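Structure first, then comments.
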Amino acid sequence: MPRLVELLDTHERDEAAEVLGRIGPAAAPALPRLRTMLTAGYEWTRVYAAAALWEIGGAAEAPAVVETLLEAWAENDATSNHVLACLSRMGPAARPALPRVREELMLLRRSGRFRSISNDEELQAACRTITAGF
């Protein structure tokens with residue numbers, strides 16, 4: 001795991017964050033570096049860091065994770081599928097994001113990385129999963 005934490009300071013940081021998130025709580029030594037990544041200039045880096053932070057740190061990290069995900073989504077709607085996937089995994093901890101998720105469902109042309117029917121259906125399903133939990 002030390003090598004993965006080192007990779008957080010390279011051009012492979014997004015992939016390293018994703019792997020650390022899959023490791024889960026055992027990757028706790030990476031938490032300080034992931035928290036720093038939440039302030040990165042690139043929204044995709046922030047999304048990957050926030051998702052990993054949730055998977056590793058859980059509920060204690062929820063406020064920062066939700067805030068970061070919503071900011072990244074507002075900056076770049078192509079992040080929406082990744083953002084919604086993380087919010088879905090968060091369950092009740094994602095409650096502060098509900099207004100934005102509901103707003104997305106009401107749009108005639110929703111966000112997403114690829115403008116396709118299958119992507120839109122996937123995005124709608126994620127939004128409905130999140131709203132159904134409340």
Side-chain angles (χ1 to χ4, degrees):
M1 191 168 21
R3 178 68 180 133
L4 284 170
V5 175
E6 288 175 17
L7 288 173
L8 293 175
D9 292 320
T10 72
H11 66 282
E12 297 177 22
R13 66 185 166 265
D14 297 349
E15 294 86 357
E18 188 172 28
V19 171
L20 287 163
R22 281 187 257 159
I23 292 170
L31 287 173
R33 182 65 188 108
L34 290 167
R35 287 185 195 109
T36 300
M37 289 172 62
L38 295 182
T39 63
Y42 185 49
E43 65 278 355
W44 280 102
T45 297
R46 295 192 313 266
V47 167
Y48 281 102
L53 202 58
W54 169 256
E55 300 300 337
I56 298 166
E61 305 294 341
V65 169
V66 171
E67 179 181 342
T68 300
L69 292 174
L70 291 176
E71 286 173 0
W73 190 5
E75 281 180 46
N76 181 352
D77 70 359
T79 63
S80 64
N81 291 77
H82 282 75
V83 167
L84 289 165
C86 184
L87 292 172
S88 182
R89 291 190 304 273
M90 292 178 73
R95 181 178 296 278
L98 276 177
R100 176 62 181 95
V101 173
R102 288 184 178 127
E103 176 186 312
E104 186 71 17
L105 280 171
M106 301 304 293
L107 296 174
L108 293 177
R109 185 177 176 111
R110 280 168 288 282
S111 62
R113 191 164 190 185
F114 305 107
R115 306 271 188 219
S116 68
I117 292 171
S118 62
N119 182 67
D120 187 59
E121 289 173 346
E122 180 183 316
L123 190 134
Q124 287 183 64
C127 287
R128 287 189 180 106
T129 297
I130 293 165
T131 59
F134 298 98

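The chain is numbered in sequence order, starting from 1. Bear in mind that the values here come from a model prediction, so they are computed numbers and not experimental data. Side chains included, hydrogens not; waters and symmetry mates left out as well; all remaining heavy atoms used.
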Looking at side-chain heavy atoms only, is the closest gap between Trp44 and His82 below 4.5 Å? yes
Residue pair [X] / [Y]: nearest heavy atoms and the distance that separates them:
{"X": "Trp73", "Y": "Thr79", "result": "CA-OG1, 3.3 Å"}
{"X": "Met37", "Y": "Arg46", "result": "O-CG, 3.6 Å"}
{"X": "Val5", "Y": "Ala30", "result": "CG2-CB, 3.8 Å"}
{"X": "Val65", "Y": "Ala50", "result": "CG2-O, 3.5 Å"}
{"X": "Gly24", "Y": "Ile56", "result": "O-CG1, 3.4 Å"}
{"X": "Arg128", "Y": "Thr131", "result": "O-OG1, 3.2 Å"}

Salt-bridge contact Arg3-Glu6 (side-chain N to carboxylate O under 4.0 Å): yes
So how far is it from [X] [atom1] to [Y] [atom2], rounded to the nearest 0.5 Å?
{"X": "Cys127", "Y": "Leu98", "atom1": "SG", "atom2": "CG", "result": "10.5 Å"}
{"X": "Leu34", "Y": "Thr68", "atom1": "CG", "atom2": "OG1", "result": "11.0 Å"}
{"X": "Asn81", "Y": "Asn119", "atom1": "CG", "atom2": "CG", "result": "4.5 Å"}
{"X": "Met106", "Y": "Arg102", "atom1": "CE", "atom2": "CZ", "result": "11.0 Å"}
{"X": "Leu4", "Y": "Glu12", "atom1": "CG", "atom2": "CD", "result": "10.0 Å"}
{"X": "Ile130", "Y": "Leu84", "atom1": "CD1", "atom2": "CG", "result": "4.5 Å"}

Qualifying salt bridge (charged side-chain N to carboxylate O under 4.0 Å, His left out) pairs with a residue from residues 17-27, counting only residues at least two apart or across chains: none
Does the side chain to side chain contact (heavy atoms under 4.5 Å, CB included) test come out yes or no for Glu15 and Val19, once each step is laid out? CA-CA 6 Å; Glu15 294 86 357; Val19 171; 5.6 Å; no
Heavy-atom donor-acceptor pair, Arg33 side chain to Leu8 backbone, under 3.5 Å: yes
Could you go through residues 86-97 and list every donor-acceptor pair under 3.5 Å that involves a side-chain atom there, pairing it with any protein atom two or more places apart or in another chain?
from	atom 1	to	atom 2	distance (Å)
Arg89	NE	Glu55	OE2	2.5
Arg89	NH1	Ala85	O	3.4

Could you list the residues that satisfy salt bridge (Lys or Arg N to Asp or Glu O under 4.0 Å) with Arg13, not counting sequence neighbours? none
When you group the ILVMFWY residues by side-chain heavy-atom contacts below 4.5 Å and let the links chain together, are Met1 and Trp54 in the same group? yes
Other residues, nucleotides and ligands only: do more than 12 of their heavy atoms fall within 6.0 Å of CD1 on Ile117? no
